[in-house]
Amino acid sequence: MIHLASQSPRRLELLRQIGVEPGVLEVDVPEVRLPGESPADYVNRVAREKAGAGLLRVMATRGAVVIGADTEVVLDEEVFGKPDDEAAATAMLARLSGRTHRVISVVWAVGAARELHAQSVSQVRFAALDETAIAAYVGSGEWRGKAGGYAIQGRAAAFIEHLEGSYSGVMGLPLYETAALLREMGWEQ
C-alpha cells in the first residue's frame, strides 16, 4: 500500500494522475531552515522527515511505502516558503517579478527495508509584474499555502515566461521522479 505523508490536495491529485490512489497521512513536521543549511539540503531534509513521520504511523502495515515531498521556491539562495499573509505574498511576487528563480522539489519513498529519493530542480522565469497585477493575484487568494506565493497550475500561469524543468515538480511533486522511485519500491503501474 502506498501512503502520502501530506495533506496537499495538489500532491494527491498528481499521484492520482499516474494511477496511484494512496492512503493519506497527516504529519506535523516543522519547516524551518537550519542555520547554514543550503536550500537543497533543507528541502531534502524536510521531505525525508515527512516520509519518516508517515512511516512511523504505518510500520505495522506489511509492504507499506510512504511518499514524503517538499517543494520550495529559491531566489538568490533565499528560500521563499509559504507566505503568512497578503503583505508577505505581495513582497514575494514583487521580488520574483522579471526574474528567474529555482524551484527545488524532493521526493522520498520509504518502506521498512528501503529508502529512496530524487530531486527535481526547475528554473522559472516570471514576467515583469506591475503593482496592479500583483494586487489582483494576491486578492484572488490563490497564493495561500503555496511556496513562493504562487500556483503554476492556476492564475499565476499567466506570469510565467519560461519554464525549464518539471511542471509537476513546480506544482509540488515531480511525477517522473516519483514514478521511478515507486517502481524501484515494487509498484506496478
Side-chain angles (χ1 to χ4, degrees), residues 3-12 14-15 24-57 65-85 87-97 99-111 114-126 142-153 156 160 163-182 184-185:
H3 300 273
L4 174 62
S6 174
Q7 292 291 304
S8 166
R10 291 166 304 285
R11 289 190 178 116
L12 181 58
L14 286 166
L15 281 173
V24 176
L25 303 171
E26 188 172 337
V27 296
D28 185 22
V29 171
E31 296 186 29
V32 177
R33 190 173 168 196
L34 301 174
E37 190 173 35
S38 74
D41 288 345
Y42 166 66
V43 176
N44 185 60
R45 178 180 56 80
V46 170
R48 172 61 187 90
E49 287 176 1
K50 289 177 182 179
L55 186 61
L56 288 174
R57 303 210 32 229
V65 173
V66 177
I67 297 169
D70 191 45
T71 300
E72 298 293 346
V73 168
V74 179
L75 179 67
D76 299 330
E77 296 308 299
E78 181 180 347
V79 175
F80 285 31
K82 299 172 183 111
D84 293 328
D85 54 29
T90 299
M92 285 182 187
L93 293 170
R95 289 194 51 210
L96 296 174
S97 173
R99 301 194 57 200
T100 299
H101 61 274
R102 289 182 296 152
V103 177
I104 302 173
S105 191
V106 175
V107 60
W108 278 82
V110 301
R114 194 168 189 198
E115 296 184 354
L116 302 169
H117 73 281
Q119 174 181 278
S120 168
V121 179
S122 301
Q123 303 287 327
V124 180
R125 184 172 63 236
F126 262 36
E142 187 177 87
W143 58 270
R144 286 184 173 85
K146 312 290 191 303
Y150 76 91
I152 192 172
Q153 71 278 16
I160 297 170
L163 166 66
E164 181 180 325
S166 171
Y167 179 84
S168 62
V170 176
M171 274 182 72
L173 187 68
L175 289 181
Y176 174 80
E177 292 82 353
T178 300
L181 293 177
L182 289 175
E184 283 190 59
M185 297 292 280

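Index from 1, following the sequence.
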* To do: Can you sort out the partners of Trp108 under ring-ring contact (aromatic ring centres under 6.0 Å, His included), two or more places apart, ordered by chain and number?
  => His117
* Structure fact -> Taken in chain and number order and not counting sequence neighbours, the residues that satisfy ring-ring contact (aromatic ring centres under 6.0 Å, His included) with His101 are Phe126, Tyr150
State whether the side chain of [X] and the backbone N or O of [Y] hold a donor-acceptor pair below 3.5 Å, judged by distance alone.
X	Y	result
Lys146	Arg144	yes
Thr71	Ser105	no
Asp85	Ala87	yes
Ser166	Pro174	no
Arg114	Glu184	yes

* To do: Show your reasoning for whether side chain to side chain contact (heavy atoms under 4.5 Å, CB included) applies to Val170 and Ile160.
  => CA-CA 12 Å; Val170 176; Ile160 297 170; 5.8 Å; no
Closest heavy-atom contact between [X] and [Y]?
X	Y	answer
Ala47	Val106	CB-O, 3.5 Å
Leu75	Thr100	CD1-O, 3.6 Å
Ala147	Val73	O-CG2, 3.5 Å
Lys82	Met92	C-CE, 4.4 Å
Leu25	Gly54	CD1-O, 3.5 Å
Ala118	Glu177	CB-CB, 3.7 Å

Evaluate the side-chain proximity of [Y] to [X]: yes if any heavy-atom separation is below 4.5 Å, no if none is.
X	Y	value
Val43	Val74	no
Asp41	Leu34	no
Val29	Asp70	no
Arg125	Glu164	no
Glu77	Arg102	yes

Atom pair [atom1] ([X]) and [atom2] ([Y]), whose distance is rounded to the nearest 0.5 Å:
X	Y	atom1	atom2	result
Leu14	Ile67	CG	CD1	11.0 Å
Leu116	Thr178	CG	OG1	12.0 Å
Glu115	Leu55	CD	CG	7.5 Å

* Check the pair Leu93, Trp143 against side chain to side chain contact (heavy atoms under 4.5 Å, CB included), reporting the backbone distance first and the verdict last. => CA-CA 10 Å; Leu93 293 170; Trp143 58 270; 5.5 Å; no
* Below 4.0 angstrom, N of the basic side chain to O of the carboxylate: do Glu72 and Arg33 qualify? ->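 Salt bridge flag = no for Arg33 with Glu72.
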* **Pair Arg45 + Glu31: basic N to acidic O under 4.0 Å** => no
* To do: Determine, step by step, whether Leu163 and Ile152 satisfy the side chain to side chain contact (heavy atoms under 4.5 Å, CB included) criterion, reporting the C-alpha distance in whole Å, the side-chain angles of both residues, the deciding distance to 0.1 Å, and the verdict.
  => CA-CA 10 Å; Leu163 166 66; Ile152 192 172; 4.2 Å; yes
Just distance, no hydrogens or angles: give the donor-acceptor pairs under 3.5 Å from side chains in residues 3-10, sequence neighbours left out.
| residue | atom | partner | partner atom | Å |
| --- | --- | --- | --- | --- |
| Ser6 | OG | Ser8 | N | 3.0 |
| Ser8 | OG | Arg10 | N | 3.3 |
| Ser8 | OG | Arg11 | N | 3.1 |

